[in-house]
Amino acid sequence: MIDITFPDGTVRQYENGTTPMAIAKSISEGLAKKILVCKVNDQIWDLQRSIYSSASLQLFSWEDKEGKATYWHSSAHLMAEALEAIYPGVKFGIGPALDQGFYYDVDLRGNTLQNEDLVKLEKKMLELASRNNEYKRQEISKEDALLYFTEKGDEYKVELINELEDGTITLYSQGNFIDLCRGPHIPNTGYIKAIKLTSIAGAYWRGDQSRQQLTRIYGISFPKQKDLDDYLLMLEEAKKRDHRKLGKELEIFTFDDDVGPGMPLWLPNGGVLIEQLERLAKKTEFDAGYHRVRSPHVAKESMYLKSGHLPYYQDSMFPPMEIDGQKFYLKAMNCPHHHKIFDAVPRSYKDLPLRLAEYGTCYRYEQSGELFGLMRVRSLQMNDAHIYCTREQFGDEFRAVNEMYLKYFNIFGIDKYVMRFSTHDPAKLGQKYIDDAILWKETEDMVRNVLIESNIPYVEVPDEAAFYGPKIDVQIWSAIGREFTLATNQVDFAQGKRFDLKFTTPTNDTQQPLIIHRAPLGTHERFIGFLIEHYAGNFPTWLAPVQATLLPISDKHLDYAKKLLQEFKKSEIRCTIDDRSEKIGKKIRDAELKKIPYMLIIGDKEQESNALSVRKKGSGDSGSVPASDVIASIKAESDAIFN
RNA sequence: GCCGAUGUAGCUCAGUUGGCCAGAGCUACUGAUUUGUAAUCAGUGGGUCGGGGGUUCGAAUCCCUCCAUCGGCUCCA
């Protein structure tokens, strides 16, 4: 007999060699039906695999992320089986589970897949699933595994096996399909009830651009058709928030063939968003003691040689233009310019911390395949600033920057994000990283402490720091689930040296400042792209391109409406008037579609009493209000953020 | 940059196997209507069918090429 310890601490005795599935059945049939996979002594484990010694046991169902991951991984195997059935001789790369679904990389040996083929593949998968074939675990020697896959002619698997440690290797099979796999898997294919293969894409073998490109097939599967339907519905809803779609509909930005890829044109509505964001940033930065500076869009090669950017980032910059025998580059970052501004006059410790801010315009040559709406562009404007400070001031400055981030997140109601804290690898000092072990330790500790003190959830990513210091990136997701860095906050103790920046200390020595790069609002492009999706186009009043629209019931009320429009404009409210001779229902519908926060209806009643009938977007008619009150309240609502 | 797909009016889309002046709805404009909380009616305008080249008596439709976009990969200071 062996002892099995459950997560709640209870211990029960079972026969030696029992399986997790048998244990589950002994507890209840319902539980046994629900579970997909388990953990035995912290090792993820198949339900039918025997246990030969006392152990702890944790069971996972579809509700757990371990359950879902296993389910999708097994689905990937099922897809591979279907592929092999339809296209004999295909070779397989890897087929893991994702956060949402799974994929398999395959070498179709010259065959191409069309979307129609995916439907065929789905059908085949469902057919194979309905056979309830068991996922069977099998341990074999490395030699036998190599022999099997070499005979099968699957060089990808052979490559993978060669990299595994010597000893036993596990294979999993279901039906006629055998795959190299660590496992575990769900009990049988019958658990997979609903399948949707979502897309086909190219993917380099092992993510290496120089190697064979395989076909990656993405899919997702569910235990119930209803779950799949819900998922597809959710995707449809997400698409409606897509900033590329809303940006066009709401006339915020556009791209034009003649202007060039990745270079957005901001329409007047987008212009308002930019103005408002800058207004917020400038106010916030003024209050925090920043100075505004300005720098040109072009700079000489020598500066980027000095900054050290050129050797590393030339590929990401537009090629140089030559004038008077000199090379000039479009600027891809603002830091060197700001360093030059720091260096323009002699600095004393009394000037520090010196905070230089600029909504700087940059140009980056992003690869053509990487462009993505407003989220990844070639011309961009950054909410940039550089803080020059002493080591003693660093902690306070970094903390203040962090508080600014949180203030913004609060204003915009941003709660779905992850802070990535990137640190260095001490083994790579002097190679990938500036060789100053003490400063690395000091600054990383300080950054970590600030995060902990502020109670901010974060993930620490070793060996991802910039060459000049640790950094924090704020990761967000677009409506279609792609991940982006929204904002960045970086410590820099290298550029000061490269530019020979210095300040005079109280004891009349010279010292080098530490530098903080920070961009809490990222770039206008990415931030507005994000905001469009975040608000689904329903901007708060202070941001809304058009804050209110006057809707006269009939032409009789036009003159009064026009008079009111002037009043709104005097109060700097962005207001329009719908002077078409349409019915009020139509005017309201159009205003709703334009997502204007306030619809102000004017009929006889309102005209007589100098009032407006207020209809707030989304909440319907809220009755007649004196016109001056409406103006005052909209004004107050849109200014509150700046006070 | 790589793999795959797509490109028809301002927007969303139809256009059968190549064949009369390329269509619809919405938008815009004009007129009628004068309307009370999500679509009044009628008329009109609007297209180098992404660009270029080719095959053909004839191309939106077939072929080549370039451009752009979309889904991924790679990259991301």
Side-chain angles (χ1 to χ4, degrees), chain A residues 103 105 108 112-115 117-118 198-218 239 242 244-245 248-249 251 254-262 304 307-317 331-336 362 364-373 375-376 382 464-468 471 473 480-485 488 490 492 495 517 519 551-558 580-594 599-606 613-624:
Chain A
Y103 69 78
D105 284 346
L108 293 165
T112 53
L113 277 182
Q114 310 292 321
N115 286 329
D117 299 323
L118 290 186
T198 46
S199 70
I200 316 168
Y204 299 107
W205 170 233
R206 320 214 75 175
D208 186 341
Q209 213 165 343
S210 66
R211 305 198 61 178
Q212 173 83 16
Q213 187 150 27
L214 306 177
T215 304
R216 177 169 296 178
I217 307 168
Y218 284 89
K239 271 191 197 155
D242 191 317
R244 294 166 297 184
K245 182 176 158 64
K248 187 183 271 182
E249 285 170 3
E251 295 181 18
T254 190
F255 289 93
D256 185 284
D257 270 6
D258 286 326
V259 176
Y304 295 116
S307 72
H309 284 110
L310 212 43
Y312 303 106
Y313 309 123
Q314 194 164 20
D315 287 349
S316 309
M317 294 173 78
K331 82 169 161 188
M333 65 290 294
N334 302 301
C335 13
C362 301
R364 296 179 181 186
Y365 176 73
E366 300 289 354
Q367 295 185 54
S368 60
E370 196 44 59
L371 302 172
F372 179 75
M375 301 301 224
R376 198 71 177 272
M382 224 190 301
E464 293 261 316
F467 72 90
Y468 46 67
K471 63 176 181 176
D473 292 320
I480 61 164
R482 214 184 277 190
E483 186 177 2
F484 289 97
T485 297
T488 184
Q490 311 181 351
D492 180 347
Q495 297 273 308
H517 304 240
L551 309 178
I553 298 278
S554 81
D555 292 352
K556 277 192 301 192
H557 313 105
L558 244 180
R580 299 173 303 172
S581 52
E582 290 288 351
K583 290 167 77 171
I584 194 66
K586 170 75 164 168
K587 292 184 182 183
I588 286 169
R589 179 183 153 79
D590 288 349
E592 288 275 356
L593 291 175
K594 286 182 188 162
M599 284 155 277
L600 307 168
I601 290 117
I602 300 165
D604 288 339
K605 253 189 327 190
E606 289 73 24
S613 173
V614 177
R615 181 190 167 101
K616 187 131 204 253
K617 177 170 171 27
S619 51
D621 190 357
S622 48
S624 210

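All values below were derived from every heavy atom in this structure, side-chain atoms included, with hydrogens, water molecules and symmetry-related copies excluded. In what follows, every chain begins at residue 1, and chains take the letters A, B, ... in the order their sequences are listed.
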Check your understanding: Of all residues at least two apart in sequence or in a different chain, which pass the salt bridge (charged side-chain N to carboxylate O under 4.0 Å, His left out) check with A:D492?
Key -> none
Practice item. Could you state the atom-to-atom distance from CG of A:D105 to C1' of B:rC73 in whole Å? Key: 9 Å
Might you list the N or O atoms of the protein lying below 3.5 Å from N or O atoms in nucleotides 66-70 of chain B, with each pair's distance?
from: B:rC70; atom 1: OP1; to: A:R244; atom 2: NH1; distance (Å): 3.3
from: B:rC70; atom 1: O3'; to: A:R244; atom 2: NH1; distance (Å): 3.3

Review point. Would A:R580 and A:D590 satisfy side chain to side chain contact (heavy atoms under 4.5 Å, CB included), going step by step from the backbone distance to the final call?
Key: CA-CA 12 Å; A:R580 299 173 303 172; A:D590 288 349; 2.8 Å; yes
Practice item. For A:D315, enumerate each residue passing the side-chain contact (heavy atoms from CB on, under 4.5 Å) test, keeping only those at least two apart in sequence or located in another chain. Key: none
Review point. Starting at CD of A:Q490 and ending at P of B:rA77, how long is that distance when rounded to a whole Å?
Key: 8 Å
Practice item. Applying side-chain hydrogen bond (donor to acceptor under 3.5 Å, both in side chains), name anything that partners A:E249, two or more places apart in sequence or on another chain. Key: A:K245
Review point. On RNA chain B, nearest-nucleotide positions of A:D208 versus A:C335: which is more 5'?
Key: A:D208
Review point. Taking A:T198 for the side chain and A:Y218 for the main chain, is one N or O donor matched with an acceptor at less than 3.5 Å?
Key: yes
**Study point:** Integer angstrom distance from the P of B:rC20 to that of B:rA60
**Key:** 10 Å
Exercise for review: Mind calculating the distance between CD (A:E366) and C1' (B:rC75) to the nearest angstrom?
Suggested key: 8 Å
Study note, to complete from the structure: Applying side-chain contact (heavy atoms from CB on, under 4.5 Å) to A:D604 and not counting sequence neighbours gives A:K556, A:H557, A:E608
Review point. So, does the side chain of A:Y204 form a donor-acceptor pair with the base of B:rG1 at under 3.5 Å?
Key: yes
Review point. Looking only at atom C1', what distance separates B:rG58 and B:rC3, rounded to whole Å?
Key: 36 Å
**Study point:** Within-4.5 Å side-chain heavy-atom neighbours: A:V614 and A:L600
**Key:** yes
Check your understanding: Within the structure shown, what part of the strands sits under 4.0 Å from A:A591 by heavy-atom distance: base, sugar-phosphate, or nothing?
Key -> nothing
Review point. Between B:rG1, B:rC2, B:rA77, which nucleotide has the shortest distance from any of its atoms to the side chain of A:Q213?
Key: B:rC2
Check your understanding: Got a minute to check which stems RNA chain B is part of, using Watson-Crick or G-U wobble pairs under 3.5 Å, three or more consecutive?
Key -> B:1-7 with B:67-73, B:10-13 with B:23-26, B:28-32 with B:40-44, B:50-54 with B:62-66
Study note, to complete from the structure: Value for SG (A:C362) from CE (A:M382), rounded to nearest 0.5 Å, stands at 4.0 Å
Practice item. State, with a plain yes or no, whether a side-chain heavy atom of A:E606 is found less than 4.5 Å away from one of A:I553. Key: no
**Study point:** Interatomic distance, A:R376 CZ vs B:rG1 C1' [rounded to whole Å]
**Key:** 13 Å
Exercise for review: Could you tell me whether the side chain of A:R216 has a donor or acceptor atom within less than 3.5 Å of a complementary atom in the base of B:rC3?
Suggested key: no
Revision key, fill the gap. With sequence neighbours left out, the residues meeting ring pair (Phe, Tyr, Trp, His ring centres under 6.0 Å) with A:Y468 are A:H517
**Study point:** For A:R206, side-chain contact (heavy atoms from CB on, under 4.5 Å) partners two or more places apart
**Key:** A:E159, A:L160, A:E163, A:R211
Practice item. Using a 4.0 Å heavy-atom cut-off, write out nucleotides 33-42 of chain B from 5' to 3' as B (base contacted by protein), S (sugar-phosphate only) or - (no contact). Key: BBBBBBBB--
Point to revise | Whole-Å distance separating the CD atom of A:E464 from the P atom of B:rC75 | key: 11 Å
Review point. Who passes salt bridge (charged side-chain N to carboxylate O under 4.0 Å, His left out) against A:E464, sequence neighbours left out?
Key: A:R420
**Study point:** Any residue meeting salt bridge (charged side-chain N to carboxylate O under 4.0 Å, His left out) with A:R589, in chain and number order, not counting sequence neighbours
**Key:** none
Review point. Expressed as a whole number of Å, how far does the P atom of B:rU12 sit from that of B:rU56?
Key: 37 Å
Practice item. Return no unless some side-chain N or O of A:Y365 is found under 4.0 Å from OP1 or OP2 of B:rA77. Key: no
Check your understanding: Touch check for A:Y103, heavy atoms < 4.0 angstrom, all strands: base, sugar-phosphate only, or nothing?
Key -> nothing
Check your understanding: Expressed in whole Å, how much space separates the P atoms belonging to B:rA9 and B:rG15?
Key -> 15 Å
Practice item. Pick the P atom in B:rU48 and in B:rU61, then give their distance to the nearest Å. Key: 15 Å
Check your understanding: Mind checking the P distance from B:rC11 to B:rC70? Whole angstroms is fine.
Key -> 15 Å
Exercise for review: Write down the distance between NZ (A:K248) and C1' (B:rU27), rounded to a whole number of angstrom.
Suggested key: 14 Å
Revision key, fill the gap. To the nearest angstrom, the CD-C1' distance between A:E483 and B:rC73 comes to 16 Å
Check your understanding: How far does the C1' atom of B:rU30 sit from the matching atom of B:rG18, given to the nearest Å?
Key -> 40 Å
Check your understanding: If you look at every strand shown and take non-hydrogen atoms under 4.0 Å, does A:S316 touch a base, only sugar-phosphate, or nothing?
Key -> base
Exercise for review: Sequence neighbours left out, what passes side-chain contact (heavy atoms from CB on, under 4.5 Å) with A:D257? Give chain and number order.
Suggested key: none
**Study point:** Length of the line joining A:L118:CG and B:rG71:P, which is rounded to integer Å
**Key:** 16 Å
Practice item. Could you check whether A:A203 gets within reach of a base, just the sugar-phosphate, or nothing at all, counting any heavy atom under 4.0 Å? Key: sugar-phosphate
Point to revise | Distance between C1' atoms of B:rA14 and B:rG25 (Å, rounded) | key: 11 Å
